[in-house]
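Everything below concerns the one structure shown next.
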Amino acid sequence: MDKHQQQQQLFLAKSTRQRCNEWIFRDVPSDITIEVNGVSFALHKFPLVSRSGRIQKLVAEHRDSDMLRVELVNVPGGAESFELAAKFCYGINFEITSFNVAQLFCVSDYLEMTEEFSKDNLGSRTEEYLEIVVCKNLEMCVEVLQQCESLLPLADELKIISRCIDAIASKACAEQIASSFSRLEYSSSGRLHMNRQTKCEGDWWIEDLSVIRIDLYQRLITAMKCRGVRPESIGASLVNFAQKELTKKCSLWNPSGLTKVDLGSTDHERLVVETIIGLLPVEKLAVPISFLFGLLRSAVMLDCSISCRLDLERRIGSQLDIATLDDILIPSFRHSGDGTLFDVDTVQRILVNFSQQDDSEGDMDDESVFESDSPRSPSQTALFKVAILVDNYLAEIAPDANLKLPKFLGIAETLPEHARTIHDGLYRAIDIYLKAHPSLPDEDRKRLCKLIDFQKLSQEAGAHAAQNERLPIQSIVQVLYFEQLRLRNALCCSYPDDDHKPAVHHQSWRISSGALSAAMSPRDNYASLRRENRELKLELTRMRMRLNDLEKEHVCMKRDMVKSRSRRFMRSFSKKIGKLSLFGHSSSRGSSSPSRQSYRTDSKVIERTCASTD
């Protein structure tokens, strides 16, 4: 025992003696001295024997002693509780409250202050107060549970804790039912429905429960689940409890060194995290997914059990489509061996859980019931969202020089091929990885680029990839090929009336291009493809300008048709008909002027385009 504890006991003994002198009979000498935790009480046998069965037995064992000295060991509540019990024996009034009823209940059992020895004894008084007053009030039950923390295991054996827990669970459930009834209202059609915009006031108890010790809190939440308290309310209570327990008592993360703190001082935090994970509701969205990721980070940092971490990863994987990039950026530790900045292995396991979940799970969601007639199922929509999230995650971890290629590929290949409708995000991430790893062998570069479907690149991404020197030459050739196909399709759309002509031309071009590609080297093939791209672009520009001329003439013709009448209309109509021979051969003089102007304009545009391309 150190000096500080000795000073505290001396101060307590002195203050207790002073208080005893105020209510003990001064004119009658003491005939029994009772010592409790180092504090001596000079009392009288008669008032104590008339109420306490334990003291009665002690006095009976020492009848021959005029001055009896007794030491009571392991008194519940210590000297303070015994002082209150002694006051009760002397008939001195004091108030029973929620802060002392648990101590009085336990000390009355210890001293055997039951109805057998005296009517309306301390045991029955505390029992009555606990049943009539405390169990009817949720806040008082919480206060009693706090007092029971220092009275274990006796408080549990006397069922004080179980009675308070049952009372709190029943009260919380009743509050939610009452709150739900208060939110019921009639709609305009006369139907009764619940107003979800009104704030639910039945969860005011969440803040009160955050002061209870973790083992008692675990029993309380379990009782609430059995009573039918809403999963959302239980989730909100878990979030509130975790924030108070894990943010106040210690810093779990050292941001300067990115290393673990001394785990010897984090046993309590580890217990809190593992307990909360075990109490999480099975229903989806009962707790925010950001809270689940926060628990996962804490579980990794505190070296929680593998089962807890796997449970969290499974829960997160089932609703990964609502996660954000900040959520999945889980920091790594130096002791992991690979030296990476982020915990890639954990994210990969989460993605595996997402990919392996049954489609039937998503079909049971409330939203999927109403979206069953939509062209895309909810699971497919979730897959698209996760694909975007994964591509952004890959782009974020790609600059890490310590990130090995197998881990990068493991993340990218987790999702099925149909998950990505466009490969711009994947191309961006791979390009960042190639830039951050310039010494990557050619074989590994090819492995990376095989992940990209260049046909699913946008026009901007394709233009960038065609000039990207970090890509293998085979990948650049694929990009240029698909760019040609895109231009060819655009040209087909430019011939609305003569579709058969471009088809023949394209078919012959494809055959000759294929023959040339087979005979040329990769560099010559690359140059040939760029030349053909340039020619296709020029032809597309010429066709667009001709279409613009036709549109202008068509607008003028409509305007004249509305204004003209009879002969004027027929004359104007014949003139416009003569000008529509842009694609054919006309012998009319009036039709040659627009064609010459269009040809001159085309020539100028072609010259400027060729100059800029070269």
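Being a predicted model, the structure only gives us computed values, none of them experimental.
Going from atom CG of Leu152 over to atom CG of Asp215 covers 7.0 Å, rounded to the nearest 0.5 Å. Gln146 CD to Phe99 CZ: the interatomic distance, rounded to the nearest 0.5 Å, is 7.5 Å. From Gln176, atom CD reaches atom CD of Glu232 across 8.5 Å, with rounding to the nearest 0.5 Å. Rounding to the nearest 0.5 Å gives a distance of 9.5 Å between CZ of Phe241 and CG of Leu209. The line from OH of Tyr393 to CD1 of Ile330 is 7.0 Å long, rounded to the nearest 0.5 Å. How far NE2 of His437 is from CG of Leu403: 5.5 Å, rounded to the nearest 0.5 Å.
Contact annotation: the side chain of Leu389 never approaches that of Lys385 to less than 4.5 Å [non-hydrogen atoms, C-beta and beyond]. With a 4.5 Å cut-off on side-chain heavy atoms, Thr346 and Ser332 do not count as touching. Looking at Leu320 and Ile328, their side chains come closer than 4.5 Å, going by heavy atoms from C-beta outward. Under the 4.5 Å side-chain criterion, counting only non-hydrogen atoms from C-beta, Asp453 is not in contact with Leu426. Side-chain atoms of Leu394 and Arg428, non-hydrogen and from C-beta on, never get closer than 4.5 Å to each other. Side-chain contact between Val390 and Phe354 is absent, with no heavy atoms from C-beta onward closer than 4.5 Å. With contacts defined as side-chain heavy-atom distances shorter than 4.5 Å, the pair Ile397/Leu341 does not qualify. Counting only heavy atoms from C-beta outward, the side chains of Leu220 and Leu216 never approach each other to under 4.5 Å.
Closest of all the heavy-atom pairs between Ala398 and Ala436 is O-CB, 3.7 Å. Val273 approaches Leu295 most closely through the heavy-atom pair CG1-O, 4.2 Å. When all heavy atoms of Phe82 and Val75 are compared, the pair lying nearest together is CB-CG1, 4.3 Å. Counting all heavy atoms, side chain and backbone alike, Phe41 lies closest to Ala79 at CZ-O, 3.7 Å. The two atoms that bring Pro281 and Pro231 nearest to each other are CG-O, 3.7 Å, heavy atoms only. Of all non-hydrogen atoms in Leu238 and Phe291, the two that sit nearest each other are O-CZ, 4.0 Å.
The stretch residues 137-166 participates, sequence neighbours left out, in these salt bridge (charged side-chain N to carboxylate O under 4.0 Å, His left out) pairs: Glu127-Arg163, Glu131-Arg163, Asp156-Arg219. Identified under the side chain to side chain donor-acceptor pair (under 3.5 Å) test for residues 410-420, with sequence neighbours left out: Asp391-Arg420.
Distance alone, capped at 3.5 Å, places no donor-acceptor pair between the Asn37 side chain and the Gly77 backbone. Of the possible donor and acceptor atoms, one in the side chain of Arg309 sits under 3.5 Å from a partner among the backbone N and O of Cys304. The backbone N or O of Ile430 sits nowhere less than 3.5 Å from a side-chain atom of Lys435 that would complete a donor-acceptor pair. Between the side chain of Asp327 and the backbone N or O of Ala323, no donor-acceptor pair lies under 3.5 Å. In this structure a side-chain-to-backbone donor-acceptor pair under 3.5 Å is present from Arg270 to Leu302. In this structure, the side chain of Ser355 does not engage the main chain of Val352 through any donor-acceptor pair within 3.5 Å. The backbone N or O of Asp400 sits nowhere less than 3.5 Å from a side-chain atom of Tyr433 that would complete a donor-acceptor pair. Between the side chain of Glu274 and the backbone N or O of Cys308 there is no donor-acceptor pair closer than 3.5 Å. Between the side chain of Ser233 and the backbone N or O of Val229 there is no donor-acceptor pair closer than 3.5 Å.
Side chains of Tyr217 and Ser210: no donor on one and acceptor on the other come within 3.5 Å. For the residue pair Glu175/Trp205, the side-chain donor-acceptor check at 3.5 Å is not satisfied. A donor-acceptor contact under 3.5 angstrom links the side chains of Asp424 and Ser458, judged on distance only. Side-chain N/O atoms of Asn121 and Ser124 include no donor and acceptor closer than 3.5 Å. At a cut-off of 3.5 Å, with distance as the only test, no side-chain donor of Glu269 or Ser298 sits close to an acceptor on the other residue. Side-chain contact, Gln147 with Gln103: a donor N or O sits under 3.5 Å from an acceptor N or O.
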Phe105/Tyr129 under side-chain contact (heavy atoms from CB on, under 4.5 Å): CA gap, chis, key distance, verdict: CA-CA 10 Å; Phe105 197 98; Tyr129 183 84; over 6 Å; no
Would Leu292 and Gln319 count as a side-chain contact (heavy atoms from CB on, under 4.5 Å) here? Give the steps. CA-CA 11 Å; Leu292 295 179; Gln319 46 188 319; 3.5 Å; yes
Could you walk me through whether Lys407 and Asp345 pass salt bridge (charged side-chain N to carboxylate O under 4.0 Å, His left out), step by step? CA-CA 8 Å; Lys407 289 196 173 185; Asp345 295 332; 3.4 Å; yes
Intermediate values then yes/no, side-chain contact (heavy atoms from CB on, under 4.5 Å), Leu312 and Ile277: CA-CA 7 Å; Leu312 272 179; Ile277 293 174; 3.4 Å; yes
Show the numbers, then the answer: is there a side-chain contact (heavy atoms from CB on, under 4.5 Å) between Gln356 and Arg314? CA-CA 10 Å; Gln356 292 179 350; Arg314 180 185 57 80; over 6 Å; no
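Take His423 and apply the ring-ring contact (aromatic ring centres under 6.0 Å, His included) test, not counting sequence neighbours, and it matches no residue.
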